[in-house]
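Have a look at the structure below, then the notes.
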Amino acid sequence: MDSTKKKAKEKKVKIKQGKLARREARMGYFFILPWLIGIVLFLLYPLGQSFRYIWYNIRITPRGTKFNFIGTGNFTQIWMEDPEFPQQLVTYIWQTIVEVPIIVVFSLLIAMMLNQKIKGRSFFRLVFFLPVIIVSGPVMNMLVSEGAATIPALNVQSVITALDRVLPTTVAQNIGDMFSNMIMILWYSGVQILIFISALQKMDPSLYEAAKIDGASGWECFWKLTLPTLKPMVLLNAIYTVIFLSGNEQNQLINMIETAMFSGTKEKGYGYASAMAWMYSVVISLITLMFFIILGSKKDAYDRAIKRYQRQQKKELRMQKSVRRRNARNVRKMEKATASGHTRTYSGKSEY
């Protein structure tokens with residue numbers, strides 16, 4: 001009993017950090033301090049302010065800003081009196097669900113081709129990443145207005161008519177719009193290509209050599225080696241693409257929220273735009289969660305085997321502990337019985 005108490009006291013003793021460890025901890029907090037200040041000033045505070053605005057009708061007057069509490073009136077007005085925003089919201093959902101897989105698959109294919117040993121590989125990588133630098137802001141608006149984001153030889157209406165026979169009209173229209181803006185969609189794949197290339201360069205070539213020695217084809221190597229290894233990057237690129245498309249300047253919802261914010265009417269304003277923005281952010285979060293469930297929830301077979309083995313080990317350890325506790329209880333009972341037997345013998349009341 002004394003030994004167990006001593007061990008318990010030793011465990012309770014806290015190990016003090018040395019001066020070097022404390023200094024490193026302080027320096028770590030010092031380095032992340034700008035990020036913490038930025039996250040508080042430019043994210044948390046604006047979010048709280050925007051969440052407060054959704055319950056008010058805000059008007060800016062020469063005497064200052066007036067807040068008129070209307071509760072859920074902004075949301076009611078959006079859904080009952082402004083049908084354009086819900087329609088654009090549904091269109092955005094369909095377009096994002098269709099465009100994200102296309103961009104991710106295209107980026108993966110281009111990254112695999114640019115990872116091969118070909119002449120002018122660096123030049124081709126620059127060509128595919130160049131739109132990320134050039135196509136932004138006013139340049140993108142100018143190119144779209146000039147029709148540079150469309151394929152002139154593609155008859156979009158015939159594609160929509162063919163899809164309308166097998167799909168609902170809304171879905172067919174959204175897919176047709178995607179074909180009309182195919183060039184612009186592919187312009188958005190520069191960062192994803194770069195992420196895939198960096199992941200492909202870190203893969204061990206000996207894995208492919210061993211697979212080819214065993215008789216695996218290129219298609220089997222892709223499905224059994226490349227794709228499982230790139231699975232975290234696929235999830236990362238899918239989430240990045242959702243966020244990029246959601247905050248892009250070509251998104252009609254962003255333009256509608258900006259227009260409502262600076263509107264001079266009594267019904268609209270900061271409160272109305274904040275309600276639209278919060279509804280839009282909830283939809284973005286749900287789409288991101290959907291892609292995370294599809295791409296990130298399924299675990300690898302090896303991971304499941306490791307988890308199964310760890311659970312079996314924990315179960316065996318629990319059984320061993322229970323056996324040891326049971327043996328300890330039996331030993332204590334035998335010692336008590338032996339001690340009581342000696343006492344009876346010495347007192348002259350032995351059963352024998």
Side-chain angles (χ1 to χ4, degrees), residues 94-136 140 143 148-154 156 159 162-163 171 174-212 216-246 248 250 287-288 290-296 298 300:
W94 282 110
Q95 287 180 350
T96 305
I97 292 175
V98 174
E99 290 177 2
V100 169
I102 293 175
I103 294 175
V104 173
V105 172
F106 175 79
S107 304
L108 179 58
L109 294 177
I110 297 299
M112 292 179 64
M113 288 189 290
L114 294 178
N115 193 48
Q116 297 178 359
K117 295 180 180 180
I118 57 176
K119 293 183 179 180
R121 181 172 58 179
S122 301
F123 173 75
F124 289 116
R125 290 178 180 176
L126 176 63
V127 168
F128 279 99
F129 189 75
L130 200 60
V132 179
I133 304 172
I134 298 176
V135 184
S136 60
M140 175 60 107
L143 291 174
T150 60
I151 303 176
L154 181 63
V156 179
V159 175
L163 292 174
V171 180
N174 292 326
I175 296 176
D177 294 339
M178 180 197 65
F179 277 102
S180 63
N181 298 322
M182 182 61 69
I183 301 297
M184 186 176 65
I185 292 172
L186 300 182
W187 280 343
Y188 295 154
S189 59
V191 176
Q192 293 87 330
I193 293 173
L194 186 64
I195 293 174
F196 278 133
I197 289 176
S198 62
L200 288 170
Q201 290 178 347
K202 293 181 180 179
M203 294 186 65
D204 190 3
S206 61
L207 296 175
Y208 292 96
E209 294 177 0
K212 290 179 180 178
S217 62
W219 186 252
E220 291 174 343
C221 289
F222 172 77
W223 285 105
K224 299 296 183 180
L225 293 177
T226 306
L227 196 58
T229 306
L230 296 179
K231 188 177 179 181
M233 298 299 106
V234 173
L235 175 61
L236 175 63
N237 282 330
I239 294 177
Y240 172 80
T241 306
V242 171
I243 303 303
F244 179 79
L245 293 176
S246 303
N248 188 24
Q250 299 300 317
I287 294 175
T288 306
M290 181 192 70
F291 280 105
F292 177 77
I293 292 174
I294 295 173
L295 300 174
K298 296 180 181 179
D300 192 14

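Numbers here are sequence positions counted from 1.
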Item to complete: Please confirm whether the backbone N or O of Ser217 pairs with a side-chain atom of Glu220, one donor and one acceptor, at under 3.5 Å?
Response: yes

Say you draw a straight line from [atom1] of [X] to [atom2] of [Y]; how long is it, rounded to the nearest 0.5 Å?
X      : Y      : atom1 : atom2 : result
Leu207 : Lys212 : CG    : NZ    : 12.0 Å
Ile103 : Leu108 : CD1   : CG    : 14.0 Å
Thr226 : Phe196 : OG1   : CZ    : 11.5 Å
Asn237 : Leu295 : CG    : CG    : 10.5 Å
Lys202 : Thr229 : NZ    : OG1   : 13.0 Å
Phe124 : Ile193 : CZ    : CD1   : 13.0 Å

Looking only at non-hydrogen atoms, find the nearest pair between [X] and [Y] and report the distance.
X      : Y      : answer
Gln116 : Arg121 : O-CD, 3.1 Å
Ile97  : Pro101 : O-CD, 3.0 Å
Glu99  : Leu245 : OE1-CD1, 3.6 Å
Leu225 : Ala211 : CD1-CB, 3.9 Å
Met233 : Ile195 : SD-CG2, 3.7 Å

Worksheet entry | For Ser189, the option from Phe106, Phe128, Phe129 that meets side chain to side chain contact (heavy atoms under 4.5 Å, CB included) | Phe106

Worksheet item: Which one of Leu200, Leu230, Ile197 satisfies the side chain to side chain contact (heavy atoms under 4.5 Å, CB included) criterion with Met112?
Response: Leu200

Discussion item. Within the structure provided, determine whether Val234 and Lys231 are in side-chain contact (heavy-atom separation under 4.5 Å).
Written reply: no

Fill in: Set of ring pair (Phe, Tyr, Trp, His ring centres under 6.0 Å) partners for Phe244, sequence neighbours left out
Tyr188

Practice prompt. Please assess Thr96 against Met290 for the test side-chain contact (heavy atoms from CB on, under 4.5 Å), listing each intermediate value before the final yes or no.
Written response: CA-CA 12 Å; Thr96 305; Met290 181 192 70; over 6 Å; no

